[in-house]
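Here the structure comes first, spelled out in structure tokens, and everything after it is commentary.
As the structure is a computational prediction, the values presented were derived from the model and not from experiment. Start at 1 and go down the list; that is how both ligands and their atoms are numbered.
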Amino acid sequence: MGERLPKDTSKVDMERIVSLCKRRGFAFPGSEIYGGLASCWDYGPLGVELKQNIKNAWWQTNIRERDDMVGLESSILMHPQTWVASGHVSGFSDPLVECKACHLRWRATEANGQNCPQCGGELTEPRMFNLMFKTFMGPVEEEASVTYLRPETAQGMFVNFENILATSRKKLPFGIAQIGKSFRNEITPGNFIFRTREFEQMEIEYFVKPGTDEQWFDYWLKERLDWYVRLGIKEENLRLRQHGKDELAHYAKQCYDIEYLFPMGWAELEGIANRGDFDLVQHARYSGKNLSYYDEETDERYVPYIIEPSAGVDRSALALLIDAYDEEKVEGETRVILRLQPPMAPIKVAVLPLSRNEKLTPLAKEIYTNLRRNFTTQYDDAQSIGRRYRRQDEIGTPFCITIDFQSLEDNQATIRERDSMAQIRIPINELEETLRAKLAGEPLSTQPLWATRQK
Ligand code: GAP
């Protein structure tokens with residue numbers, strides 16, 4: 001919601017990112033052998049690892065390292081009354097216009113009161129279009145069995161407020177967090193994985209005492225912006241934008257977007273909203289349950305306010321790929337590099353024997369088998385070493401281990417660092433320890449690990 005795309009754009013074009021993703025197995029068009037399904041993308045082996053790294057980092061920061069947060073995994077299908085109470089049945093819609101000539105449909109805001117952006121044809125009057133996917137529970141397709149695929153994971157956390165309070169013995173302020181799929185029948189999906197109809201969210205619902213909400217809102221704005229910087233996204237490509245009154249969601253008292261400079265312009269990466277007591281009051285009203293909180297310290301009972309930082313896994317993945325993408329000339333050839341921070345890199349280490357050989361292969365395989373227990377590791381012995389380095393650079397692998405004939409004599413291997421291309425030789429039995437230190441010890445550093453650059 002609330003995405004605005006001004007003119008500035010980042011340096012990388014989206015085609016390059018889409019092409020890299022397809023070529024190297026980050027993401028493929030969904031159901032491709034049937035000609036694809038509009039705006040659906042399937043994450044390949046590297047895409048899955050990248051998304052997992054993002055989710056792990058988010059879970060680590062927001063749950064594991066905090067005393068005031070707990071996790072939840074609520075079901076995608078929820079009681080249909082949930083969506084009446086939440087206001088989504090009546091209010092979760094976009095104004096839609098249709099071109100009378102080519103019949104393409106647009107969000108009214110995109111057409112901007114003008115003619116069809118595609119063919120210039122005349123547009124119909126706007127009508128409201130509900131973005132929730134409708135489905136039926138059970139074998140009978142009738143009105144009574146209608147339910148919806150959730151358009152946000154948030155509601156699962158509101159309806160479990162009482163359960164969590166009773167079982168976790170948390171006191172305000174505290175938060176519930178979950179990661180999961182959400183679905184919206186977007187009128188104009190697009191820009192690769194930026195806006196799709198099925199996507200994954202990482203949401204926090206942070207419950208606070210009314211009156212302290214603005215202070216907590218500011219806290220989460222800073223916390224969340226810092227998190228993207230710690231993931232390795234360049235600060236100059238991130239900004240905060242406050243929602244105007246006219247674009248606030250039906251539940252929001254106040255909202256800011258963390259925006260990233262995507263190739264098509266500045267656009268929402270994460271929304272941070274002050275939802276007030278809207279959701280708990282509504283669910284209490286529709287369910288008949290008391291969803292207030294008894295504050296032992298002040299001997300008061302009140303309905304907590306909620307601060308909601310809501311992020312998208314897919315958009316984070318896209319921003320990381322765009323931000324990390326780089327090209328440089330090396331010996332007259334273009335080297336494509338994904339300068340991902342090591343914790344985000346899908347593959348941490350590649351083991352590359354200099355050649356396929358009856359002596360080198362067993363040693364390289366042994367090293368590979370040992371390393372893969374601790375690091376996502378790839379083994380590659382096809383084509384020249386230069387091409388193999390390029391393949392790993394292109395997918396962001398921070399370290400390559402090369403085993404050569406000298407290794408058979410001196411039990412040493414070469415570690416090559418992705419960004420600087422610098423190389424050092426170290427004893428094979430110190431590989432694991434060295435890699436662990438390099439990957440964990442300087443996880444968020446952009447500095448080359450070795451000052452001297454060797455070919
Ligand atoms: N519970 C609040 C909420 O859902 P939102 O701003 O509509 O707020 C939060 O969505 C985040 O979810 C967005 O910042 C974005 O990262 C992601 N998101 C929303 N719609 C999306 C879509 N159609 N495709 C991909 N990601 C989407």
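Residue contacts with ligand 1 for T153 are absent, since no atom lies close enough (heavy atoms, distance under 4.0 Å). Under 4.0 Å from ligand 1, the heavy atoms of E270 that appear belong solely to its backbone. In R197, neither the side chain nor the backbone holds a heavy atom less than 4.0 Å from any atom of ligand 1. Contacts between Q155 and ligand 1, counted as non-hydrogen atom pairs separated by less than 4.0 Å, are absent for every part of the residue.
Below 3.5 Å of separation, one finds an N or O of L269 facing an N or O of ligand 1. Residue contacts with ligand 1: E203 is placed with a nitrogen or oxygen under 3.5 Å of a nitrogen or oxygen of the ligand (distance criterion only). Looking at ligand 1, you'll find an N or O of Q201 within less than 3.5 Å of one of its N or O atoms. Not a single N or O atom of D314, backbone or side chain, sits closer than 3.5 Å to an N or O atom of ligand 1. Ligand 1 has no N or O atom lying under 3.5 Å from any N or O atom of P151, backbone or side chain.
Not close to ligand 1: R150, with no non-hydrogen atom less than 4.0 angstrom away. Ligand 1 lies less than 4.0 angstrom from a heavy atom belonging to Y251.
Side-chain polar atoms of Q178 and S74 form a donor-acceptor pair below 3.5 angstrom. Judged purely by distance below 3.5 Å, without hydrogens or angles, the side chains of E203 and S310 pair a donor atom with an acceptor atom. Side chain to side chain, E214 and Q254 fail the donor-acceptor criterion of an N or O pair below 3.5 Å. Counting only N and O atoms by type, the side chains of K329 and T334 include a donor and acceptor under 3.5 Å apart.
Counting non-hydrogen atoms of neighbouring residues, nucleotides and ligands closer than 6.0 angstrom, the NZ atom of K22 reaches no more than 12 such neighbours. In R66, the CZ atom is crowded: over 12 heavy atoms of neighbouring residues, nucleotides or ligands sit closer than 6.0 Å.
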side-chain hydrogen bond (donor to acceptor under 3.5 Å, both in side chains) between Y206 and D68, intermediate numbers included: CA-CA 9 Å; Y206 199 75; D68 58 347; 2.7 Å; yes
Test side-chain contact (heavy atoms from CB on, under 4.5 Å) applied to D314 and K51, step by step: CA-CA 7 Å; D314 313 81; K51 281 183 75 184; 3.7 Å; yes
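With respect to the salt-bridge test (charged N to carboxylate O, under 4.0 angstrom), the residues K171 and E297 do not qualify.
Of all the atoms in ligand 1, the ones that sit under 4.0 Å from a non-hydrogen atom of G271 are 14 (O). The distance from ligand 1 to the heavy atoms of G312 drops below 4.0 Å at these ligand atoms: 16 (O), 17 (C). Of all atoms in ligand 1, numbered sequentially from 1 with element shown, those under 4.0 Å from a heavy atom of E152 are 1 (N), 2 (C), 3 (C), 4 (O). In summary, the atoms of ligand 1 found under 4.0 Å from a heavy atom of S310, numbered by their order in the structure, are 1 (N), 2 (C), 3 (C), 4 (O), 8 (O), 9 (C), 10 (O), 11 (C), 14 (O).
Ring geometry for F133 versus F183: interplanar angle over 60°, hence perpendicular rather than tilted (30 to 60°).
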